[in-house]
Amino acid sequence: MDNDTDTIAAIATAAGRGGIGIVRISGPMATRIAIELCQHPPRARVATLASIRDKNNRLIDTALAVFFPAPNSFTGEAVLEIHGHGGAMVLDQLLARVIELGARMARPGEFSQRAFLNEKIDLAQAEAIADLIDASSHKAARAAARSLEGGFSAKINALLDQLIELRMYVESAIDFPEEEIDFISEGQVAEKTNALLRQVRKLIDSATQGKLLRDGMTIVIAGKPNAGKSSLLNALAGVQTAIVTAIPGTTRDVLKETISIDGLPLNIVDTAGLRDSDDPVELEGIRRAKTQIQNADCILNVIDLTDAEPDTSEVITASEKVKLINVYNKIDLVDSHRASHRDDLHKQVYLSAKTGEGLAQLRDALKGIVGYDPGSEGVFIARRRHLDALNRVEQSISKGLTVILKAQAAELLAEDLLHAQHALGEITGEFSSDDLLGRIFSSFCIGK
């Protein structure tokens, strides 16, 4: 947040070799730098061919310069973009020349931060920029675009308006008790509070879907040696990532693959087989497997149907706080009678990792166990902090509804509604600490 009146500059395109590379400049000196680089005053929003030269008048590059005067720019400040050739050395020289002319290197996310501070975008939209760049599926990209366009913020602001209106309604009943109509006792306040609570819960459902699209979930494949864990990883990934042999204990380390199921990103982790062993290398693999199990969102407990003793107690004990699917593998090697078990506590899927039979049911089970709905077109990208804030909103409003129904304590309801208002305001940045802003924007790439 310091030095927000400086002129900042950065390479805005990805590192590497390409046809075009962009250097972005924003701040009060952008106009003067444009004149220096282009040898004449820049025209607003017109691509101008310019020969960019160093201080010794040697040609650096022939580029297009585009100038955006304040406040009609992304940051709300004067912005200059130099579209040059995308070689690393060329872009480094262009950036060095801009810094010689008075700009400084931008910090990660500082352009987006200035757009937020200048009220060009709110905090949720700023985060959506990074999420759009990092999107790992088409659905995630569309959801991020909706948030960037302001769809998520519009939902939050609509809730804020209703919440503020309800606060005014409640506080007027407190401040003017002599009025003939008692809004509290007639139940109008409770009715309005309950309606608001329903809308918050609906938005939480949408935000939960958005968080799944952004972060996905971590799926750990666990079980005894030779149960078919590595074969299952290969089948889900569609490539031969893991070595598969008939020798128990082949997998000694953690293997990871990222896949997508109907737009839902999944981080699949294959682990060493769980068993007693004297091999120090295998023991380290088992220790790492147990660590992955503890940190999983969901465990695929692979059970070999040809095994006479399919003991799963070790996996289940290690996964008390995460969701678990028992995956009975090798249905192609047993008769239908053996391929039937009853487990009322955990989801069950029967498949053959070798032939692919049953994989579709496993994919459906993975989506269902986290409540993912691939048909949700109105989903907005969301982050953990958004869900945390919305959950606090729900808790405050629910608490307020209880006190108004049981005790008609309007003062307590008003206080709960105020807490809910502040929590909602955190999402768009209406109520945000400098520390929170620093953490958010430092996660952006430089040039954004």
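Remark: I397 CD1 to L196 CG distance equals 4.0 Å, nearest 0.5 Å. Distance check, rounded to the nearest 0.5 Å: CD1 of I121 to OG of S153 gives 9.5 Å. Taking CD1 of I82 as the start and CG of L95 as the end, the distance is 9.0 Å to the nearest 0.5 Å. For the atom pair L132 CG and R146 CZ, the distance stands at 11.5 Å (nearest 0.5 Å). From F74, atom CZ reaches atom OG of S26 across 9.0 Å, with rounding to the nearest 0.5 Å. Atom-to-atom distance recorded for F152:CZ and N157:CG is 10.5 Å, nearest 0.5 angstrom.
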For I8 and R114, what are the C-alpha separation, side-chain angles and deciding distance, and is it a side-chain contact (heavy atoms from CB on, under 4.5 Å)? CA-CA 10 Å; I8 57 174; R114 290 191 175 193; 3.5 Å; yes
Apply side-chain contact (heavy atoms from CB on, under 4.5 Å) to residues I60 and R53 and explain how you reach the verdict. CA-CA 5 Å; I60 298 174; R53 298 181 178 274; 5.7 Å; no
Criterion side-chain contact (heavy atoms from CB on, under 4.5 Å) on N267 and I219, from CA distance to verdict: CA-CA 6 Å; N267 306 305; I219 310 296; over 6 Å; no
Test salt bridge (charged side-chain N to carboxylate O under 4.0 Å, His left out) on E36 and R97; report intermediate values, then the result. CA-CA 10 Å; E36 184 71 30; R97 180 58 178 148; 3.7 Å; yes
For K202 and R198: C-alpha separation, side-chain torsions, deciding distance, then whether side-chain contact (heavy atoms from CB on, under 4.5 Å) applies. CA-CA 6 Å; K202 184 177 180 180; R198 287 195 299 268; over 6 Å; no
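Counting heavy atoms from C-beta outward, E77 and N118 have side chains that approach closer than 4.5 Å. Annotation: side chain of L163 is in contact with side chain of L424 (closest heavy-atom distance under 4.5 Å). Looking only at side-chain heavy atoms (C-beta outward), I381 and L213 come within less than 4.5 Å of each other. Residues F116 and L123 meet the side-chain proximity criterion, which asks for heavy atoms closer than 4.5 Å. Under the 4.5 Å side-chain criterion, counting only non-hydrogen atoms from C-beta, I52 is not in contact with T62. Looking only at side-chain heavy atoms (C-beta outward), L300 and L236 come within less than 4.5 Å of each other. Using a 4.5 Å cut-off on side-chain heavy atoms (C-beta onward), L366 and I261 make contact. A 4.5 Å side-chain heavy-atom check between R392 and H419 finds every atom pair outside the cut-off.
Between the side chain of N194 and the main chain of A190, no donor-acceptor pair closer than 3.5 Å is present. Of the possible donor and acceptor atoms, none in the side chain of E257 sits under 3.5 Å from a partner among the backbone N and O of A237. Of the possible donor and acceptor atoms, one in the side chain of D297 sits under 3.5 Å from a partner among the backbone N and O of T218. Not a single donor-acceptor pair under 3.5 Å links the side chain of E81 to the backbone N or O of V79. Side chain of T7 to main chain of A103: no donor-acceptor pair is present (N/O by atom type, distance under 3.5 Å, no hydrogens or angles). With hydrogens and angles ignored, the 3.5 Å screen pairs a side-chain donor or acceptor of E110 with a backbone N or O of R107. In this structure, R104 contributes its side chain and A9 its backbone to no donor-acceptor pair below 3.5 Å. The backbone N or O of S398 sits less than 3.5 Å from a side-chain atom of T402, completing a donor-acceptor pair. No side-chain donor-acceptor contact under 3.5 Å links T428 to the backbone of D122. Between the side chain of T208 and the backbone N or O of I204 there is at least one donor-acceptor pair closer than 3.5 Å.
Residue K120 qualifies as enclosed at atom NZ: its count of foreign heavy atoms under 6.0 Å is above 12. The number of heavy atoms from other shown groups lying within 6.0 Å of CD (Q39) is above 12. Applying the 6.0 Å contact sphere to NZ of K211 captures more than 12 heavy atoms from other residues, nucleotides or ligands. Shown here is E100, whose CD atom has more than 12 heavy atoms of other residues, nucleotides or ligands within 6.0 Å. With a 6.0 Å radius and a threshold of 12 heavy atoms from other residues, nucleotides or ligands, I20 has its CD1 atom at or below the threshold. The neighbour count for H138 NE2, taken as heavy atoms of other residues, nucleotides or ligands under 6.0 Å away, does not exceed 12. No more than 12 heavy atoms of other residues, nucleotides or ligands lie within 6.0 Å of NE2 in H85, so this atom counts as exposed by the packing criterion.
In terms of heavy atoms, V393 sits closest to A423 at CG2-CB, 3.6 Å. Looking at every heavy atom in both residues, L359 comes nearest to L232 through CD2-CD1, 3.9 Å. The nearest pair of heavy atoms linking A296 to V220 is CB-CG2, 3.5 Å. The two atoms that bring N301 and G223 nearest to each other are OD1-CA, 4.1 Å, heavy atoms only. Minimum interatomic distance between A382 and A207 (heavy atoms only, all atoms of both residues): CB-O, 3.3 Å. Taking each heavy atom of A128 and A144 in turn, the nearest pair found is CB-O, 3.7 Å.
No salt bridge links D270 with K229; every basic N to acidic carboxylate O contact stays at or beyond 4.0 Å. Electrostatic pairing of D131 and R383 counts as a salt bridge here, judged by a charged N lying under 4.0 Å from a carboxylate O. A salt bridge is defined here as a Lys NZ or Arg NE, NH1 or NH2 lying under 4.0 Å from an Asp or Glu carboxylate O, and R201 with D205 fails to meet this definition. A salt bridge between K367 and D364 is present, with a side-chain N of the basic residue lying under 4.0 Å from a carboxylate O of the acidic one.
Separation of the H386 and F380 ring centroids does not fall under the 6.0 Å cut-off.
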